[in-house]
Amino acid sequence: MSSTVLFRRGRVIDPRNGVDGVRDVLVRDGKVVEVSEAPLPVPSSAEVVDATGKWVLPGFIDLHVHLREPGEEGKETVLTGCRAAVAGGFTAVVAMPNTKVVNDSAMVTELVLNRARAAGLCHVYPAGAITKGLKGEELAEMGELVSAGCVAITDDGRPVMNASLMRRTLQYATQFDVPVMVHEEDLTLSAGGAMHEGTTSTRLGLRGIPASAEVAMVARDLVLLEETKGRLHVAHVSCEGSVRLIREAKRSGLRVTCEVAPHHFILDDRAVGDYDTHAKMAPPLRADTDVQALREALVDGTVDAIATDHAPHGVLDKQVEFEKGINGIVGLETALGLTLELVHAGVLTANRAVELLTHGPAKAFGLPGGHLAPGAPADVTVVDPDVEWTVDAHQFHSRSRNTPFHGRQQKGRVIQTWVTGHKVFDTGQVGQSKESR
Ligand SMILES: [Zn+2]
């Protein structure tokens, strides 16, 4: 494979560097070399990508992915998860530690990193557990996890219910300057609930999870954050109250960032329909007013990143009655299409949508990439903004199929993904038309 690549005449959208226009992008030896408004000469032995009419974007970064390895390789492996990632335009993913050997030690962190290296597709940044075994009782060895390569710590999938433990975590994490990523759910409020508490849960006769289960925990952790001067990242924000608190906290200068998952800004609790377990997740799909608030927060900068919470599960996990259905959906291969729905609807500009998938997440976690200035990693996602397609879960590269978006019409799709200058995904729709003419 050529180590020099020239992306010609694509619309480069690079929010960090204020670029939005037709450019040539030259990459060499895994790095961006030049971004030019004028056409660049083709260097000898360069691979040329004719990106006319396409978008050339910094590779997407997903702060929230469950790769399931080690322990649940029937649902996903690091390899299949990376395949799904690059098919969705993601060149970097943060791997959650709630695997079936919990990533609470350097040994598991290294295993994930070794698998990622062997897969050779995208960057995988492990997140380590806050507490040993995710039990919420005893702190894991944060220093060991960070030295081994963890970029954040989180008990995701579970909240840290013990406020004193959370306070110590925030305090201790300042030594390593890693974000403490929190799954906000007060279990005493959510206990027994299967979906958002509202008119739909009443109609279906299901026990509800009130918005306060999330908002109360966000409030608690922001109070602890102010006291500890730590660094907090709120995962999968789902409701209006959380957005309001995070917005205020940011204004007052606290080091808080947050992410929203596409399903939470696209669907509301009515998607549960007649007990569809593919619409079951934690936090649950909320009210339409919450969806509206999340969209406003995506626009005004309260939200830093769109993150998928990609959560692969087997068919049998979902073919059960609603209350017993397992939480979560796969998200890597539908994230761009769903985000572009907001662009087509005039809610987000293309520039802001790209920022939420690239520089936003990179900045929140201090990760490399997310932009295309000279010297940046040559992680590039090429998108055809006009192609119309239908989500087909059977064609996912992920090992799992659990999605409520099967059959949904989308406009705009990833057609090539490049990681450190190497092509790792290609639908074959770039450049070919030029050659055949
Ligand atoms: Zn979670």
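We number each residue from 1, following the sequence as shown. Counting starts at 1 for both ligands and their atoms, following the listed order. This is a predicted model, so every value here is computed, not measured.
No option in Phe425, Trp418, Trp55, Phe90 other than Phe90 meets the ring pair (Phe, Tyr, Trp, His ring centres under 6.0 Å) test with Phe60.
The atom name of the N/O/S atom in His183 closest to the Zn ion (ligand 1) is ND1. Asp156 contributes OD1 as its N, O or S atom closest to the Zn ion (ligand 1).
For Glu144, the CD atom counts as densely surrounded, since its 6.0 Å shell holds more than 12 non-hydrogen atoms of other residues, nucleotides or ligands. A 6.0 Å sphere centred on NZ of Lys363 holds no more than 12 heavy atoms belonging to other residues, nucleotides or ligands.
Ion pair Arg23/Asp14 not flagged as a salt bridge, since none of the NZ, NE, NH1 or NH2 atoms sits closer than 4.0 Å to an Asp/Glu carboxylate oxygen.
Contact annotation: His236 places an N, O or S atom under 2.8 Å from the Zn ion (ligand 1).
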